[in-house]
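Below: one structure, written as structure tokens.
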Amino acid sequence: MTHSESLQARAEDSRGENVRVRFAPSPTGYLHVGGARTALFNWLFARTQRGRFILRIEDTDLERNRPELVEGILDGLRWLGLDWDEGPLYQSQRLAGYAAAAEKLLSIGAAYLCYCPPEKYAGGDSADEAVGAKSEIRRIVRCSCREGKPSTAEQSPAVRFRVPLGATTRFDDAVFGSREIQNDEIEDFVLLRSARPAIGGAALPTYQLGAVVDDMDMRITHVIRGADHISNTPKQLLLYRALGAVPPIFAHVPLILGPDRTRLSKRHGATSVSSYRDEGFLPEAFRNFLALLGWSSGDDTEMLRTSELIQRFSLSGVSRTNAVFDRAKLEWFNQQYLQKLPIDELLPAVQAELERAGLWRPEWATSQRDWFARSVDLLRPRTRLLPDFSHWARAFFTEDFDYDLAAREKFWKDERLPDLLARLTDELAALPDWTHDACDRALRQLAEKAAVKAALLINATRVALVGQPVAPPLFDTMLVLGKERVVARMRRALPVVSARSVAG
RNA sequence: GGCGAUAUGGUGUAAGGGUUAGCACGCGGCCCUCUCAAGGCCGAAAUCCGGGUUCGAAUCCCGGUAUCGCUACCA
């Protein structure tokens, strides 16, 4: 059976066995949107297949690793609702396993000790340019250590994989399809770094070894990861074979780019999941948006709640094209969810926002919960982000609000207003029943008597009540605020309106 | 430089030989209207270029171009 046939067979088998997938971030930064999307796809696949979603922390780079960052990554996953079934496991605590695997490869001749100094091959593009763009220094590593003839034996050695030359390696990617590469194009990559005194002699694995050993140990059936790993796959396949293991199915997902079509990075602005949480996006909206970046359900449905995503997700719907992160569409999703989420699911998010803004009152969660729910329901059609509740809608939650300058200039200009608003205040104060229609009638009758358009009074009153040019329909607003607050706010506004209209 | 992948309106995508190339965001207009949203309707806007294969190509093949990835004792 050829290698690709065994992969095929594996694909068949996997339906019958329990699917196990993993998300394996390295704690070198926060959880960024690309990582979050990879995590989401893994999670969706696990939930769709009734499998297990496992978390693994790849912290084998002592130089760049920042242990304190792990909690932030976990927070990001929790916020997105991506709960894991196992882990987090830390690679730094599993060093013995990697050393054992390397030892085994060494003993069967699939790997060898390399005594070359690390600097010999380090440098990347910058070194490339330093020597000259046309140079061919970027070559596939095949040093004399491979033949057991190290040029020096003065340093502690690294373990390199002995790539079997003259053959080809192929695999079937669940997204990108059949892949094939000449082994001669694959360098003898490092498995185990050379021991360094500073580290206390512990041999640290590279990504290639760590990932393969762990994926074997954890019985991972499907490796779903960013397409930047697609060229690593043949190396790992070679490792699986050398270790006598059946490889998992690989599914590479396209990358997420910034508006300029380069890989998403800090200079594109917000790239961490937490920054979107802080800006007031709802996790479900963010998740929905992220799911549609590089995946399509197949039909025209875009608003997909989590349960629907789980129902519909499939690797075959994953695109092969890199996707641009479109903030405008993310905001649209957020607005949709702000409007359509069941009110009970929205309330906690609004509460958190009001708490953040110092406007929250505990009774809104208890004795005045109905009032709070009604207010949020009234406000939400014109919110796009959570902070809208504490910004333009501030006056719904506190007496401490200002009159917006533009609103005053636009709606308090008419010189008849001081008199009209004073009369309206008296009319409202005298109303026996505080209902939408009673308020409506009182205002329109006054407008008719005074021969002015109702809109003049409506807009001026709106500014008096909430200080903003933008707010829900006036009589709904009056109802939610209640008679006492409405009358009091109008009396408070009268002198300001007078000053305004006189000055104007 | 080498190796590889990808290519549908500005953006996310659908259409896997035969459609007036569909949907959504964004954009413009109209309706609704008490401000602003929402909602409804209408509109502008795309198959990277060039060769093949075929009666017929967005779809298959080749070349070019562009973009992205890998080319670390990073992951």
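Since this is a predicted model, take the numbers as computed values, not measurements. In what follows, chains are A, B, ... by sequence order, proteins preceding strands, each numbered from 1.
Ring geometry for Phe401(A) against Tyr403(A) counts as perpendicular: the plane angle is over 60°, on a 0 to 90° scale with 30° as the lower cut.
Base pairing of A72(B): no nucleotide in any strand meets the Watson-Crick or G-U wobble criterion (both distances under 3.5 Å). Pairing for G22(B) is with U13(B), a Watson-Crick or G-U wobble pair whose two hydrogen-bonding atom distances lie under 3.5 Å. Base pairing of U47(B): no nucleotide in any strand meets the Watson-Crick or G-U wobble criterion (both distances under 3.5 Å).
Counting only N and O atoms by type, the side chains of Arg193(A) and Ser156(A) include no donor and acceptor under 3.5 Å apart.
When ring centroids are compared, Phe313(A) and Trp295(A) come within the 6.0 Å threshold.
Residue Arg320(A) has no polar side-chain atom (N or O) positioned under 4.0 Å from OP1 or OP2 of G4(B). Considering only side-chain N and O atoms, Arg160(A) lies under 4.0 angstrom from the phosphate OP1 or OP2 of C73(B). For A75(B), the OP1/OP2 oxygens have a side-chain nitrogen or oxygen of Thr60(A) closer than 4.0 Å. Considering only side-chain N and O atoms, Gln468(A) lies nowhere under 4.0 angstrom from the phosphate OP1 or OP2 of C34(B).
A distance of 13.0 Å separates OH in Tyr337(A) from CZ in Arg380(A), rounded to the nearest 0.5 Å.
Residue-environment remark: CD (Glu345(A)) exceeds the threshold of 12 foreign heavy atoms within 6.0 Å.
A salt bridge links Arg263(A) with Asp228(A); the closest basic N to acidic carboxylate O contact falls under 4.0 Å.
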What pairs of nitrogen or oxygen atoms, one from the protein and one from nucleotides 59-68 of chain B, lie under 3.5 Å apart?
{"from": "C68(B)", "atom 1": "O2'", "to": "Asn322(A)", "atom 2": "OD1", "distance (Å)": "3.1"}

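If you take atom C1' in A57(B) and the same atom in C74(B), they sit 44 Å apart, rounded to whole Å. The P atoms of A37(B) and A44(B) are separated by 24 Å, rounded to the nearest whole Å.
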